[in-house]
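Working notes, structure below.
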Amino acid sequence: MPAVVCSVLLAALVAASASAHGAPFGVDRALHGWVVEHRTSWAVGMAVAVTVTGSGVPAYLLAAFAGTMAWPAVRWCGALAGALALVSVQLPRIALASWLARPRPPVADWAWSASGYAMPSGHTTTSAAVAVLFTAGVYRSVRGGARHLLLVLPALWAAAVGVSRIYLGVHWPTDVLAGWLLAAVWTGLLGTFLVLLRRRKAGAAPSSEGEGS
């Protein structure tokens, strides 16, 4: 149900943006203007330090490491699965961003470099997907008191990456919202696929044993 709700919200947001021809909404302009007026140099430095971890090589390394945590028996398979899972969320994001072709905020407002279209935010989608993979890895491999903390940290990190994109002025707030919604939909689809795969394997095992006997 959460994935269905997020799908509906994402579709509505995308439709609204398409009907506005990519123009920012009123809430986008208001929040963006407030952020630009109240930015400080030290906070910009912190935002940059956070935002660079949410995409590219750092994100794929984190996804691969999360895969090894979720699949410790064959770590290289886990690492590959983690990286491929991250790729699987990038394809629909790139397709959606290219179709919408929503412009970013004015370059004069940027406090860091950026490229590509605005919606959905790539850093936001990527970091949220990595957080999901990391949470799954922690859930499967970590026990004890540290488990509760490690289950929360990935979500806090992903949230910080999304907020950093707004603070640096390179994304409208609804771009970040779209990234979070897309990651939520992807999580629901991935979870459904894994559950169906597990059920299929569980159903195939008894039949194979029966044929062998």
Side-chain angles (χ1 to χ4, degrees), residues 1-36 47 50-51 53-56 59-60 63 84-107 109-133 135-136 154-196:
M1 284 303 297
V4 172
V5 172
C6 289
S7 298
V8 173
L9 292 176
L10 178 61
L13 183 57
V14 168
S17 180
S19 64
H21 303 289
F25 305 115
V27 64
D28 286 321
R29 294 185 183 278
L31 289 176
H32 176 79
W34 186 90
V35 166
V36 171
V50 171
T51 207
T53 65
S55 185
Y60 277 92
L84 290 177
L86 192 54
V87 170
S88 71
V89 76
Q90 298 298 339
L91 298 179
R93 181 194 66 78
I94 294 172
L96 183 58
S98 300
W99 178 71
L100 279 175
R102 190 189 202 190
R104 291 176 181 269
V107 178
D109 295 340
W110 295 7
W112 190 245
S113 59
S115 62
Y117 294 117
M119 179 183 282
S121 165
H123 281 69
T124 302
T125 307
T126 300
S127 60
V130 171
V132 169
L133 296 173
T135 300
L156 294 178
W157 166 72
V161 171
V163 172
S164 74
R165 306 305 289 168
I166 300 172
Y167 193 80
L168 294 173
V170 296
H171 274 293
W172 302 110
T174 50
D175 299 336
V176 173
L177 176 59
W180 283 331
L181 290 173
L182 177 58
V185 174
W186 169 82
T187 301
L189 293 175
L190 181 62
T192 301
F193 170 76
L194 292 176
V195 168
L196 293 176

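Contact annotation: the side chain of S17 approaches that of F25 to within less than 4.5 Å [non-hydrogen atoms, C-beta and beyond]. You'll find the side chain of I166 stays beyond 4.5 Å of the side chain of L31, heavy atoms only. Contact of the L96 side chain with the P120 side chain is registered, since non-hydrogen atoms from C-beta on lie closer than 4.5 Å. Looking at W157 and V130, their side chains come closer than 4.5 Å, going by heavy atoms from C-beta outward. Counting heavy atoms from C-beta on, the side chains of Y60 and T126 never come closer than 4.5 Å. Side-chain atoms of M119 and L13, non-hydrogen and from C-beta on, do get closer than 4.5 Å to each other.
Note that OG of S121 is 5.5 Å distant from CZ of R165, once rounded to the nearest 0.5 Å. One finds the OG1 atom of T187 at 9.0 Å from the CG atom of L182 (value rounded to the nearest 0.5 Å).
Using a 4.0 Å cut-off between charged nitrogen and carboxylate oxygen, R102 and D175 count as a salt-bridge pair.
Few gaps surround CH2 on W110; more than 12 heavy atoms of other groups in view lie less than 6.0 Å from it.
Considering every non-hydrogen atom in both L10 and A178, the closest pair reads CD1-O, 3.8 Å.
For the side-chain contact (heavy atoms from CB on, under 4.5 Å) test with H32, the passing option among D28, V36, V35 is V36; the others fail.
Within the 3.5 Å criterion, the main-chain N or O of G116 finds a donor-acceptor partner in the side chain of R104.
Here S7 pairs with nothing under the side chain to side chain donor-acceptor pair (under 3.5 Å) rule; sequence neighbours left out.
A donor-acceptor contact closer than 3.5 angstrom is absent between the side chains of T125 and W186.
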